[in-house]
Number of protein chains: 2
Amino acid sequence: MAGRTGAKVDQIICTVDVVLLTLKEDQLMVALLKRNREPYKNVLALPGGYIHAEDMDARDAALRVLKDKTGIDTPYLEQLATFSGPARDPRGWSVSIAYYALVSIDVIEKSGHPDVALKSVDQPLNLPFDHKTIVDTAVARLRSKSQYSSLPCYLAGENFTLPQLQRVYEVLMGESLNKVSFRRKMTEMDMLEPVEGAFTSTGAHRPAQLYQLKPEFRRQLTLLERGL
Amino acid sequence: MAGRTGAKVDQIICTVDVVLLTLKEDQLMVALLKRNREPYKNVLALPGGYIHAEDMDARDAALRVLKDKTGIDTPYLEQLATFSGPARDPRGWSVSIAYYALVSIDVIEKSGHPDVALKSVDQPLNLPFDHKTIVDTAVARLRSKSQYSSLPCYLAGENFTLPQLQRVYEVLMGESLNKVSFRRKMTEMDMLEPVEGAFTSTGAHRPAQLYQLKPEFRRQLTLLERGL
DNA sequence: ATAATAGTGTCTTTTAGACAGTATTCA
DNA sequence: TGAATACTGTCTAAAAGACACTATTAT
């Protein structure tokens, strides 16, 4: 209440961290990188970095960090939450504005950065700072939003069949879905269009139609009135 | 890529802002205060302030700022989003971790801080910094969460009747609700308990039963599988 | 008694899910 | 032709909504 000097106010460390998520073999994976500086040098952690004065905002910083450290331009990046406190970083009172990004596994494999390590979010992760909390928050957010939005489509890649997309939703939601209802919902969302040319490579059975997001939905979520 | 000096990295201004929302006469209101310092001295703005080194985290700072500036201990405070950039504050590159709080109108009127100005969020607001964006984001979040959660209960106060609570939901959702369905949902949520003693003061008609949140739901949201 | 709002029972409509049928491919 | 998966039609079950009826109060 009485006159604070504000002496330490300016010394807060401001960073961004990115939780890059993808789906590999029906498992939700997070992308980690070995840190090339202290603290925690050579330890696997989320891609992150300081905000620069040249960044237009924190989102811009997150896109820059992701591009610089993994080579990836993500089609979907959303602010997750901000994590803060005096103890989360040994360098001092810090703030991390965390974002999460969703890409298909192809995007990571074609990124040309072979040092990106993918770890399943369902197995124990030992991460520095409070990165475990950040990852858990991102996974919870993704799983929650999968209930009533088109978010999982960003994990499915450019082209996908309806059975493949249903599998993505099932992995994220952790339950099997009714095929007829799932297709009714996709029709209701009206965001997919068939790609001419079926998906034949799967074997001795009827091939499935390939779909893609309609252009107007490439970078914009669709929400459902009622879930699933 | 090549060696950055990081010269300006530490000069980011770190603040918290609180969007305190309440319901008055069927209108959603935001609490504003006249700023007592430059920039924008004497202009109505969101309660906010610097993060202090003594704060345990940004949430703690938000609770402190709200208590100091309005005298209010809020039962519900949630992180909204973080707003950042070089231009939002004339003092320089800044980060504001924004929170939103929900209280009943009684809490504000009994706070003993008569300088709290309540403005309808539906009428044009001319606010400094990017506070208009922050308020709009908070209102959108509240309205969205009202579709499928118990969030509106925090605006209804300690005790309320079901017709009153339904009215709160209707104001937030911007549509009238089916009485039978609304009551079915409240029963399904199983978070209310009747208070012995009916609500008589309303006039020449049957009094309504007063309810309160069950203790275990006082500070914890309930989510619905399907909305409304 | 009347007016006004609270609260409930029940029927109709809408939405979700089960299930089984047809379709198409490869071996 | 059989096995495998894609896709669809249709019936059943569950949820939401409409509507009307009863309940309780003050005047």
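Reminder, nothing fancy here: chain letters follow the sequence lines and each chain counts from 1. Just so it is clear, the values below take in all heavy atoms, side chains as well, and ignore hydrogens, waters and symmetry mates.
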Rounded to the nearest angstrom, tell me the gap between atom [atom1] in [X] and atom [atom2] in [N].
| X | N | atom1 | atom2 | result |
| --- | --- | --- | --- | --- |
| A:Met189 | C:dA16 | CE | C1' | 15 Å |
| A:Met186 | D:dA6 | CE | P | 16 Å |
| B:Glu188 | D:dA14 | CD | P | 14 Å |
| B:Leu165 | C:dA6 | CG | C1' | 15 Å |
| A:Leu228 | D:dA14 | CG | C1' | 14 Å |
| A:Gln166 | D:dC7 | CD | C1' | 12 Å |
| A:Lys185 | C:dG17 | NZ | P | 8 Å |
| A:His205 | D:dC7 | NE2 | P | 11 Å |

Between A:Glu170 and A:Leu177, which heavy-atom pair has the shortest distance, and what is it?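 So the minimum-distance heavy-atom pair works out to OE2-N, 2.8 Å.
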Should we say atom CG of A:Asp115 is surrounded by more than 12 heavy atoms from elsewhere, each under 6.0 Å from it?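 Yes, CG of A:Asp115 has more than 12 neighbouring heavy atoms, counting only those of other groups under 6.0 Å.
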Please confirm whether A:Phe129 and A:Tyr40 have ring centers closer than 6.0 angstrom.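 Ring-ring flag for A:Phe129/A:Tyr40: true, centres closer than 6.0 Å.
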Distance check: side-chain N/O of A:Arg184 vs OP1/OP2 of C:dT15, anything under 4.0 Å?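 No, because none of the side-chain N or O atoms of A:Arg184 sits under 4.0 Å from OP1 or OP2 of C:dT15.
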Note: for B:Ala204 and B:Arg226 on DNA chain C, the residue whose nearest nucleotide lies more 5' is B:Ala204
Taking the nucleotide of DNA chain C with the nearest heavy atom to each, does A:Pro207 or A:Ser181 sit closer to the 5' end? A:Ser181
Residues of residues 151-158 of chain B with any non-hydrogen atom less than 4.0 angstrom from an atom of DNA chain C: list those, numerically ordered, please. none
For nucleotides 19-22 of chain D, give me every protein contact, N/O to N/O, under 3.5 Å, one pair per line with atom names.
none

Apply salt bridge (charged side-chain N to carboxylate O under 4.0 Å, His left out) to the pair B:Arg143 and B:Asp122, showing each step before the final yes or no. CA-CA 13 Å; B:Arg143 295 208 148 121; B:Asp122 296 317; 3.7 Å; yes
With A:Lys132, which residues qualify under salt bridge (charged side-chain N to carboxylate O under 4.0 Å, His left out), at least two apart?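 With neighbours one apart ignored, the set is A:Asp136.
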A:Ser84 side chain to B:Asp57 backbone, donor-acceptor under 3.5 Å: no
Donor-acceptor contact present, side-chain B:Gln209 to main-chain B:Val195, <3.5 Å: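 Yes: the side chain of B:Gln209 pairs with the backbone of B:Val195.
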Parallel, tilted or perpendicular: ring planes of B:Tyr76 versus B:Tyr154, cut at 30 and 60 degrees: parallel
Between A:Glu78 and A:Lys145, is the closest basic N to carboxylate O distance under 4.0 Å?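 Yes, this pair counts.
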